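Reviewing the structure listed below.
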Amino acid sequence: MIPAHAQASSTATRTPNTIKGLLLLAWACCLVLAPGLAAQKKTKPKKEEITQVLQLPKELPSAVTGETRRLTFHVTPLSSRGLLSAQVRDALKALTRETGGDPVLKIRAFVAGSGDLRRVRDLVSETFTERHLPLPVLSLIQSGGLPLEGAQVVLEAIVAGKKEVSPQGLVFLSAPVAASENPLDPVAPLVAQSLGRLKRTIQTAGSESSDVLRVTCFLSSLENLAATRKLVEAEYPRAALNYVQTQRLPTHALAACEAVARLRRDTGKRVSFQPEEGEPLAALVAAQHVVLTGTQVSYGYQEANSRLAFERLQKVLEAAGVSGRDVAFAHYYPLADLLAAQVRKLRTEFFAASAGSLVLFEGLPGMDAGFAVDVVAVKD
C-alpha cells in the first residue's frame, strides 16, 4: 500500500508534465489548423455570376402619323463594306447625319443578296431604341440587285422635318411601267418612256420638275446604268434618287419610275386623284396629316390569303384613326404574275380610289410570302 505522502508526491510530479503535454498537443494542432484558417481568411467568397439577359428588339409600329407639309425624303448612300448587318448600321448612321436627328417616320429597305431580311428589322429596332428615338414603320423588300458591287441594302426614309417644305401638300406619283418581252433588251429606252409618262403626270398635277423630292426607278437590269442615271438626273437634279433591280432573273425587260413631289396648287380637297386612261396615276394630298404604314405581308398564294393581308391592313388603318377609304397611295410588291392579278382584283375592293405602284420583286420576309402592301392614307 502506497503511503499518502508518496501519492501526493507522485501527483505533484505528474501534474506539470501533463499540463506541458497538453500545451504541446494544442500547439501542434494550431500548427496544423493555422494554414487552413489563414487560407479561409484570405480566400474571399466568390460572387455569384450574373447572367446577362439579352433584350429582344422592340416591335416596330404598324403605322405612324406625320404632318404632310413637313415631310422630307431621303435615300442612303450605298456601301460595299462588310456584310448585311454592317451595311445596315452604316446606312442608319448616314441617315442620322443627313437628317440631323429629325424623327424618321418610315423606312423602306431594299435588300439584295442572300442575307436574312429579318435582321434588318432587328437592327432598325435596336438602333432607334439605343438612341432613344421613336421607332419608324418599316417596309422590307428583297430586290434582285443594287447599283454597286457588294452592296446589300439601300434605305429610303420619310422624315418629319422642323420646317414646312411643302406648304400646299404632296403629290404621290405611280410608277408608269414600260416593258419589253425580251429580258435582254436595253433598259435605258424603257426608262425614257417611263420618265416621259411621269413628267406628263407631274405637269398635269400642276407641279414642276424642280418640285420633285424623290424618284425611285425599278429596273429589270442595272447594266449600262450610266445611261439611266443621265436621263433621271437631267430631269430631276434636286431629287433624292434610287435605282433598284427588281428581280435577279426577270422574264422581261422593264423600267418603272415613281416619284414624290411638292403640290403647287390649292385643290380644295384633302385628297384628289389625277387619272389617266381611267386609272389614277397620282394622288394630290393636301390633308394636314398622313398615316404611313409598313408592309403587310400575305402568306400563301391563294386569293383567300391575299384577302387576309388586305383585311389585316384595314385593321391597322382603323387603329390609326383612318380607313380604307382614306388611302391615297399604295405600294404593291407581288412575287409572281398570278399574285399581281390577285392584287389588282382585290385593291379595287379595299382601296378603290387610290393611286399606286405595282412591280414584281424577288422576295419578302417569310418562306411562303406571296405579296406585300404598304399605304399612305390621309388624316385631318
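The shown structure was predicted, so the numbers you read here are calculated from the model rather than taken from an experiment. Hydrogens, waters and symmetry mates play no part in the numbers below; they use all other heavy atoms, side chains included.
Hydrophobic clustering (side-chain heavy atoms under 4.5 Å, transitive across Ile, Leu, Val, Met, Phe, Trp, Tyr) groups Leu123 together with Leu138. Each of Val153 and Val75 belongs to its own hydrophobic cluster when Ile, Leu, Val, Met, Phe, Trp and Tyr are linked at side-chain heavy-atom distances under 4.5 angstrom. No single ILVMFWY cluster, assembled from side-chain heavy atoms under 4.5 Å apart, contains both Val120 and Val244.
Between the Ser166 side chain and the Arg262 main chain, no donor and acceptor come within less than 3.5 Å of each other. When atom types are taken as modelled, the side chain of Ser174 and the backbone of Ala355 share no donor-acceptor pair closer than 3.5 angstrom.
Counting heavy atoms from C-beta outward, Leu254 and Leu190 have side chains that stay 4.5 Å or more apart. Residues Leu317 and Phe351 have side chains in contact (heavy-atom distance under 4.5 Å, counting atoms from C-beta outward).
Defined by atom type and a distance below 3.5 Å, a donor-acceptor pair is missing between the side-chain atoms of Asp368 and Tyr301. Residues Glu235 and Ser209 have side chains that bring a donor and an acceptor to within less than 3.5 angstrom of each other. Under 3.5 Å, the side chains of Glu258 and Ser357 contain a donor-acceptor pair of N or O atoms.
Using cut-offs of 30° and 60° for the angle between ring planes, the Phe329 and His331 rings count as perpendicular.
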Exercise for review: Any chance you could lay out the salt bridge (charged side-chain N to carboxylate O under 4.0 Å, His left out) test for Asp374 and Lys106, step after step, and finish with the verdict?
Suggested key: CA-CA 11 Å; Asp374 59 43; Lys106 176 171 181 173; 3.3 Å; yes
Practice item. Output, in order, the C-alpha distance, side-chain angles, deciding distance and verdict of ring pair (Phe, Tyr, Trp, His ring centres under 6.0 Å) for Phe310 and Phe371. Key: CA-CA 11 Å; Phe310 278 98; Phe371 84 94; 5.7 Å; yes
